[in-house]
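Comments concern the structure below.
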Amino acid sequence: LNYLKEGVKEMTKFPINRVHVIPLCMDIEKFTNALPERHAAREKYEIADQDIVLGMMGRIDFAKSQQFVMEVVEEVRKEHPALKMLMVGNKTEGEWEDYYNQIVERIKAEHKNGEVQLYPFTKEVGYFYQATDLFVMASKNETFGMVTIEAMLSGKVILGTNSAGTKELLDNETKGYYFNWMDADSLRVALKKVLTDREKAEKKALLAQKEANDLFDHNRELVAIEKVLRGN
């Protein structure tokens with residue numbers, strides 16, 4: 001992303017005219033074709049159709065801030081009981097095992113009715129995105145969050161930390177909502193904005209989806225790389 005180009009400019013003497021920005025892209029068809037039905041996806045995760053589901057996907061460790069988000073969701077649920085949370089990811093082997101176990105034990109003790117759920121990572125990511133309404137990227141320094149791009153392509157309302165690559169992807173909140181890293185009040189305010197004005201949130205999600213389809217198609221990436229190699 002462009003913020004990394006600016007970092008090269010500010011912190012090195014590398015000639016900036018030799019730096020080219022080509023975003024990582026993906027096969028976007030898997031997010032537009034042959035997706036599971038929303039109802040089937042919710043059945044897979046035992047989620048009711050009327051629930052408003054906040055999702056997080058990625059390895060379970062402190063840097064990803066799942067426990068922080070879970071605590072904010074628990075607080076916001078007091079005013080918005082339809083809000084649920086779905087985490088999909090595996091623990092980082094050999095690291096943060098205590099953190100992972102704390103989350104598991106809290107879910108067992110406090111969320112026996114499925115208000116917060118944790119499932120292992122799956123390659124069938126379409127089920128996760130179809131089951132959720134909101135997506136949260138809570139990492140402090142996510143350089144280029146591929147799961148954020150996936151959420152954009154899936155038309156999800158996105159809440160992300162106001163830092164690093166996430167900040168650029170959400171483009172001054174035109175494509176989602178910012179909050180400050182590990183700042184409960186900030187995330188709570190952003191989440192309540194989404195829950196109290198769903199129409200505005202959906203408009204941002206649609207804009208993010210459209211631009212992601214335009215910017216992150218792997219065919220576009222291949223053309224851009226070829227142009228650089230040919231010196232065009």
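This chain uses plain numbering: 1 for the first residue, then up along the sequence.
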#### Entry: Phe62 and Trp96 aromatic ring geometry - parallel, tilted or perpendicular at 30°/60° bounds
parallel
### Lys44 NZ: over 12 foreign heavy atoms closer than 6.0 Å
yes
### Donor-acceptor contact below 3.5 Å, side chain Arg59 vs main chain Thr92
no
### Task
Compare all side-chain heavy atoms of Leu54 with those of Leu191 and state whether any distance is below 4.5 angstrom.
yes
### Backbone of Leu153 reached by a side-chain donor or acceptor of Gln209 within 3.5 Å
yes
### Query
Minimum heavy-atom separation for Val21 to Lys5, with atom names?
CG2-CD, 3.6 Å
### Query
For the side chain of Gln67 and the backbone of Tyr99, is there at least one donor-acceptor N/O pair under 3.5 Å apart?
no
### Query
So His20 and Lys227, side chain to side chain contact (heavy atoms under 4.5 Å, CB included) or not? Walk me through it.
CA-CA 10 Å; His20 303 271; Lys227 286 180 68 176; over 6 Å; no
### Query
Is there a side-chain contact between Gln66 and Met87 (heavy atoms, below 4.5 Å)?
yes
### Under 3.5 Å: donor-acceptor pair, side chain of Asn90, backbone of Pro120
no
### Query
Under 3.5 Å, side chain of Asn180 to main-chain N/O of Asp183, donor-acceptor pair present?
no
### Message
In terms of relative ring orientation, are Phe144 and Phe216 parallel, tilted or perpendicular, with 30° and 60° separating the classes?
### Response
perpendicular
### Message
So Met146 and Leu24, do their side chains get closer than 4.5 Å, heavy atoms only?
### Response
yes
### Query
Ignoring hydrogens and geometry, is there a side-chain-to-backbone donor-acceptor pair from Asp61 to Ala63 under 3.5 Å?
yes
### Message
Could you report the tightest heavy-atom contact between Thr12 and Val8, atom names first, then the distance?
### Response
OG1-O, 2.6 Å
### Message
Counting only heavy atoms not in Glu29 (residues, nucleotides, ligands), do more than 12 fall under 6.0 Å from its CD?
### Response
no
### Task
Flag the pair Leu170 / Tyr178 as yes when at least one side-chain heavy-atom distance between them is below 4.5 Å, and no otherwise.
yes
### Task
Mind listing the closest non-hydrogen atom pair of Glu75 and Arg188 along with its distance?
CG-NH1, 3.8 Å
### Message
With salt bridge (Lys or Arg N to Asp or Glu O under 4.0 Å) as the criterion, how do Glu79 and Lys192 come out once you've worked through the C-alpha distance, each side chain's angles and the decisive distance to 0.1 Å?
### Response
CA-CA 9 Å; Glu79 293 182 37; Lys192 287 184 178 181; 2.9 Å; yes
#### Entry: Ion pair check, Asp214 and Lys210, cut-off under 4.0 Å
yes
### Query
Would the Tyr127 and Tyr45 ring centres measure less than 6.0 Å apart?
no
### Query
Do Lys175 and Met152 come within less than 4.5 Å of each other through their side chains, counting heavy atoms only?
yes
#### Entry: Side-chain heavy atoms of Ile60 within contact of Ile103, under 4.5 Å
yes
### Summary
Distance col, row Leu83:CG vs Lys78:NZ, nearest 0.5 angstrom, shows 13.5 Å
### Query
Below 4.5 Å, heavy atoms only, C-beta onward: do Lys84 and Gln117 meet side chain to side chain?
no
### Message
side chain to side chain contact (heavy atoms under 4.5 Å, CB included), that's the test. Do Asp49 and His39 meet it? Break it down for me.
### Response
CA-CA 7 Å; Asp49 288 341; His39 181 73; 3.2 Å; yes
### Message
Under a 3.5 Å distance rule, please check whether Ser154 uses its side chain to pair with a backbone N or O of Tyr129 as donor and acceptor.
### Response
no
### Reported CG-to-CD distance for the pair Leu222 and Glu226, which is rounded to 0.5 angstrom
8.5 Å
### Query
Between Asp133 and Arg42, is there a side-chain N and carboxylate O pair less than 4.0 Å apart?
yes
### Query
Is Phe179 reachable from Met182 through a run of I, L, V, M, F, W or Y residues, each pair having side-chain heavy atoms under 4.5 Å apart?
yes
### Message
With side chain to side chain contact (heavy atoms under 4.5 Å, CB included) as the criterion, how do Met85 and Val53 come out once you've worked through the C-alpha distance, each side chain's angles and the decisive distance to 0.1 Å?
### Response
CA-CA 5 Å; Met85 181 175 180; Val53 183; over 6 Å; no
### Path from Leu159 to Phe128 over hydrophobic side-chain contacts below 4.5 Å
no
### Task
Identify whether Val72 and Met137 are in the same connected component of the hydrophobic contact network (ILVMFWY, side-chain heavy atoms under 4.5 Å).
no
### Task
State yes or no: do Ile158 and Ile28 share one hydrophobic cluster built from I, L, V, M, F, W and Y residues joined by side-chain heavy-atom distances below 4.5 Å, directly or via other members?
yes
### Query
Rounded to the nearest 0.5 Å, how far apart are CD1 of Ile107 and CE of Met70?
5.5 Å
### Query
So do the side chains of Tyr177 and Val194 get within less than 4.5 Å of each other, counting heavy atoms only?
yes
#### Entry: Residues Glu110, Val116; criterion side chain to side chain contact (heavy atoms under 4.5 Å, CB included); working and verdict
CA-CA 9 Å; Glu110 303 293 336; Val116 177; over 6 Å; no
### Summary
CG (Asn101) and CD (Glu105) are apart, to the nearest 0.5 Å, by 7.0 Å
### Task
Using atom types as modelled and distance alone, determine if a side-chain donor or acceptor of Ser163 lies under 3.5 Å from a backbone N or O of Lys140.
yes
#### Entry: CG-CG distance between Asp171 and Leu207, expressed to the nearest 0.5 angstrom
8.0 Å
### Query
Distance-only, no hydrogens or angles: does the Asn113 side chain make a donor-acceptor pair with backbone N or O of Glu115 under 3.5 Å?
no
#### Entry: Heavy-atom neighbours of Gln50 CD exceed 12 at 6.0 Å
yes
### Query
Can Glu71 and Arg106 be counted as an ion pair, charged N to O under 4.0 angstrom?
yes
### Query
Any salt bridge between Glu173 and Lys204, counting N to O under 4.0 Å?
no
### Joint hydrophobic cluster, Trp181 plus Tyr3, side-chain heavy atoms closer than 4.5 Å
no
#### Entry: Euclidean distance, Lys203 NZ relative to Thr174 OG1, rounded to 0.5 Å
14.0 Å
### Query
Would you say the side-chain atoms of Thr132 pair up with the backbone N or O of Gly55, donor to acceptor, closer than 3.5 Å?
no
### Query
What pair of heavy atoms forms the shortest contact from Met56 to Ala138, and how long is it?
CE-CB, 4.0 Å
### Task
Salt-bridge test for Lys91 and Glu97: reply yes if a basic N is under 4.0 Å from a carboxylate O, no otherwise.
yes
